[in-house]
Amino acid sequence: MASLVSTQSYDFRQALTPNRIRGLWRMMTGYRLAYLAATVSLGISATAKTATFLLLRYFVDQVLGNKVFLVPDSLSNTLAVVGLGFLGLATVEGTFSFFSGRMAAYTAESITRRLRNFLFDHIQRLEFTYHDKTPTGELIERCTSDVDALRRFFSEQAIGVGRILLLFSINFAALLHLNVPLALLSIIVVPVIILTSIWFFKRVTKAYEAYQEQEATLSTTLQENLTGVRVVKAFARQAYERDKFEKDNWEKFIRGRKLLRMHSLFWPVSDIACGAQMLGGFFAAGTMAINGSITVGTYLAYVGLVVWLIWPMRNLGRLIVQTSTGMVSYKRVMEITRQPREALTEAKHAASAPAQGELVFEEVGFAYQENEPILQGVNFRCQAGQVVALLGSTGSGKTSLVNLLPRFYEYTSGKITLDGVELRDYSREYLRSQIGIVEQEPFLFSRTIRDNINYGVGRDVSQAEVEEAAQAAAIHDVIASFPDGYDTLVGEKGVTLSGGQKQRVTIARTLLKNPRILILDDSTSSVDTETEAFIREALECLMETRTTFIIAHRIQSVMSADLILVLDKGHVVQMGTHAELLAQEGMYRQIYDLQTRIEDEVEKEVSSAVK
């Protein structure tokens, strides 16, 4: 069991090396013996095939020609023995060929299963900056198409090269045994095939890499279209999306045609060379048999052996060209593997108790890219249990600021402390266990509502706890109205629920986690005013002992906060309570006056419409 676990949990970062052959060899860790068994079985199968032609030579020359019987004075018994010999050799060849294919397939499927598991886990652990710049379709392409190319490399191409080399070695040795001049004459074309294959290999590698890159682009286009299908339909942009897809698809066609043209050009060249080689060999051997230099049995054995010498070499050229796909896919997969993971457990400060929630920002700055600051000189203190509201226009840095707390991103200057300890000294795992987040765009998994609410708790949760969290988020009555209640399956991204319902389920999920620090990233933007009031009332009770950050665009959502930060272009331009900010000239009062005026006008219009 221990060895099984070790083979399934291989760290593919150990396979990182500039030498791709060495890297592929490292990927086989744990399955090399199985692959060796497949190779040895191939050798036995190839030996049985060669022995068949040698037995044919013996039968023609000795039994039929010289009347040398294996069973004295009995031709029929000798024929029976020779027949059993052919049958036995065919059985050995078939059995070990099957065993070789089975072991090669087992190795390939096991390696790729392990690789897929590793990539799935590895991608989840990569830094947010990597996901920000890498298209989802590109990652999907590398985890599917490129992994499958590696599967074909191990199951077909690598073992195929081994099979051909074994066939060549064994059959060439047999030809040397039959007749040295004939054997040497039969391999004149081999250097030509190898050199031609290497020439094609270099060009096919580049062409296939370009093809895979375009396929990834096409996958990204398709993924984005399916993800945003509602937006496409809402703006009637089907024709535009079709044209965009056709453009990417045409480019893939062009690159694929170039790749196939190279493959198709290789076959005629290799066929002509191999055909000429065999024709020359047959002619030379036939001439020698007529002149009596070799026996008829030797000629028949030579004809069989040279076919299994030349045509496998032709296929070797094909496999050498095709292995370029495995080499390219190895490179593309390793580009993901070499990306650094987030250090989830590393910490200078080992926190043994839940966080209190006191946060201090001192001259904090942050930038996604160098020389493009998002936050600059942010200073404020938040006592444990206080509610801090962030207000500002889109792009002012509100979400970026709260993303620093769970260390989704690292601040680039200044200092943040939690309970007197620098934030960087805590492990990410600890911080994220203490922080609950309700995102601006709610996301639900394709599971039951109960599973979505339970997600992230990390312990067994009773139905009463689930319902309590749902009631606090003002979603319990809605869930209870469904025929299956909390067992209702939620479609992809929660499409069976309204926007407000999805948002409230994510709020329930966060509340059930019972975090010490709560982040609400404009979490009431998708609910109506009445529902928002219910949620705010429930949250006010739950936030009594929690440090809470609220991102909002409406003044009404932040009026009761202990501290309000007004951000503009990455700077905190105002700070204080609602009353303090309202008494000041500045952005906060401007927003308040504007929203109040709009609400008054709407109220007047509604009143006049009712009358």
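These numbers were taken from a predicted model, which means no experiment stands behind them.
- Separation of atoms CD (Q339) and CE (M334) is listed at 12.0 Å; rounding is to 0.5 Å.
- Each of R116, R332, R151 was scored for a salt bridge (charged side-chain N to carboxylate O under 4.0 Å, His left out) with D146, with one residue passing: R332.
- A distance-only check finds no donor-acceptor pair linking the side chain of S329 to the backbone of G326 [under 3.5 Å].
- Using modelled atom types, one side-chain atom of K398 and one backbone atom of S393 make a donor-acceptor pair closer than 3.5 Å.
- Taking the ring axis of Y411 as reference, the NZ or CZ atom of R424 stays within 45° of it and closer than 6.0 Å to the ring centre.
- Residue D460 holds its CG atom at 10.0 Å from CD of E465, rounded to the nearest 0.5 Å.
- Taking each heavy atom of A38 and I159 in turn, the nearest pair found is CB-CD1, 4.0 Å.
- Atom OG1 in T510 sits 10.0 Å away from atom CD1 in I519 (nearest 0.5 Å).
- Under the 4.5 Å side-chain criterion, counting only non-hydrogen atoms from C-beta, T39 is in contact with L166.
- You'll find the side chain of L405 stays beyond 4.5 Å of the side chain of L431, heavy atoms only.
- P442 is not listed as a side-chain neighbour of V505, based on a closest heavy-atom distance of 4.5 Å or more.
- Put simply, the side chain of R20 gets close to the backbone of M327: a donor and an acceptor are under 3.5 Å apart.
- Checked by atom type and distance alone, the side chain of R432 pairs as donor or acceptor with a backbone atom of P406 at under 3.5 Å.
- Going from atom CG of L404 over to atom OG1 of T399 covers 11.0 Å, rounded to the nearest 0.5 Å.
- Counting only heavy atoms from C-beta outward, the side chains of L444 and R509 approach each other to under 4.5 Å.
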### Message
side chain to side chain contact (heavy atoms under 4.5 Å, CB included), that's the test. Do L567 and L375 meet it? Break it down for me.
### Response
CA-CA 9 Å; L567 284 87; L375 296 173; 4.1 Å; yes

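- Counting heavy atoms from C-beta on, the side chains of I374 and Y409 never come closer than 4.5 Å.
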### Query
So K252 and D248, salt bridge (Lys or Arg N to Asp or Glu O under 4.0 Å) or not? Walk me through it.
CA-CA 6 Å; K252 181 185 176 184; D248 292 335; over 6 Å; no

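- To the nearest 0.5 Å, the span separating CZ on F245 from CG on L218 amounts to 4.0 Å.
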Could you list the donor-acceptor pairs under 3.5 angstrom formed by side chains in residues 364-371, with sequence neighbours left out?
unit_1, atom_1, unit_2, atom_2, d
Y368, OH, S400, OG, 2.9

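- Atom CD of Q124 sits in a crowded spot, with more than 12 heavy atoms from other residues, nucleotides or ligands closer than 6.0 Å.
- Between K331 and E209, at least one side-chain nitrogen of the basic residue sits less than 4.0 Å from a carboxylate oxygen of the acidic one, meeting the salt-bridge criterion.
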### Message
One pair to check against side chain to side chain contact (heavy atoms under 4.5 Å, CB included): N452 and T506. What are the steps and the verdict?
### Response
CA-CA 8 Å; N452 273 282; T506 61; over 6 Å; no

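- With a 6.0 Å radius and a threshold of 12 heavy atoms from other residues, nucleotides or ligands, D132 has its CG atom above the threshold.
- Applying the 6.0 Å contact sphere to CD of Q376 captures more than 12 heavy atoms from other residues, nucleotides or ligands.
- The heavy-atom pair separating T112 from V147 by the smallest distance is CG2-O, 3.6 Å.
- You'll find the side chain of Y130 reaches within 4.5 Å of the side chain of I336, heavy atoms only.
- Shown here for G137 and S219, the closest heavy-atom pair between the two residues is O-CB, 3.9 Å.
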### Query
Can you list the steps and then say if Y211 with K258 is a side chain to side chain contact (heavy atoms under 4.5 Å, CB included)?
CA-CA 9 Å; Y211 178 79; K258 180 180 178 181; over 6 Å; no

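- Although no hydrogens or angles enter the test, the distance criterion places a donor-acceptor pair under 3.5 Å between the side chain of K513 and the main chain of I435.
- Put simply, the side chain of R114 gets close to the backbone of M27: a donor and an acceptor are under 3.5 Å apart.
- Ring geometry for Y10 against F12 counts as perpendicular: the plane angle is over 60°, on a 0 to 90° scale with 30° as the lower cut.
- With 3.5 Å as the limit, one finds a donor-acceptor pair spanning the side chains of T29 and R32.
- Atom CG of L33 has 12 or fewer heavy atoms from other residues, nucleotides or ligands within 6.0 Å.
- No side-chain heavy atom of L150 sits less than 4.5 Å from a side-chain heavy atom of I111.
- Under a 3.5 Å cut-off, the side chain of Y486 and the backbone N or O of I453 do not form any donor-acceptor pair.
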### Query
What's the verdict on side chain to side chain donor-acceptor pair (under 3.5 Å) for R450 and Q463, showing C-alpha distance, side-chain angles and the deciding distance?
CA-CA 9 Å; R450 179 187 290 103; Q463 180 65 21; 2.9 Å; yes

### Message
Show, in sequence, the C-alpha distance, side-chain angles and deciding distance for M103 and S41, and conclude whether the side chain to side chain contact (heavy atoms under 4.5 Å, CB included) test is met.
### Response
CA-CA 9 Å; M103 294 306 294; S41 298; 5.8 Å; no

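- With rounding to the nearest 0.5 Å, the separation of OH in Y208 from OG1 in T323 is 11.5 Å.
- Between the R504 side chain and the A474 main chain, a donor and an acceptor come within less than 3.5 Å of each other.
- With S481 contributing its side chain and V478 its backbone, the two residues share a donor-acceptor pair below 3.5 Å.
- Checking side-chain atoms of Y430 against main-chain N and O of A350 turns up no donor-acceptor pair under 3.5 Å.
- Residues E342 and R125 fail the side-chain proximity criterion, which asks for heavy atoms closer than 4.5 Å.
- In terms of heavy atoms, T107 sits closest to A34 at OG1-CB, 3.6 Å.
- Residues in residues 131-161 take part in no ring pair (Phe, Tyr, Trp, His ring centres under 6.0 Å) pair, two or more places apart or across chains.
- Closest of all the heavy-atom pairs between V333 and L115 is CG1-CD1, 4.0 Å.
- For the side chain to side chain contact (heavy atoms under 4.5 Å, CB included) test, residues two or more places apart in sequence or in another chain that qualify with R102 are F98.
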### Query
For R255 and E251, what are the C-alpha separation, side-chain angles and deciding distance, and is it a salt bridge (Lys or Arg N to Asp or Glu O under 4.0 Å)?
CA-CA 6 Å; R255 297 187 184 188; E251 180 62 26; 2.8 Å; yes

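- A salt bridge is defined here as a Lys NZ or Arg NE, NH1 or NH2 lying under 4.0 Å from an Asp or Glu carboxylate O, and E410 with R428 meets this definition.
- Considering T220, T217, I140, T221 in turn, T220 is the only one that fulfils the side chain to side chain contact (heavy atoms under 4.5 Å, CB included) rule with P135.
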### Message
R142 vs E335, test: salt bridge (Lys or Arg N to Asp or Glu O under 4.0 Å). Steps then yes/no.
### Response
CA-CA 10 Å; R142 297 193 185 204; E335 285 175 357; 2.5 Å; yes

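- Heavy atoms only, all atoms of each residue included: S145 and Q212 are closest at OG-NE2, 3.4 Å.
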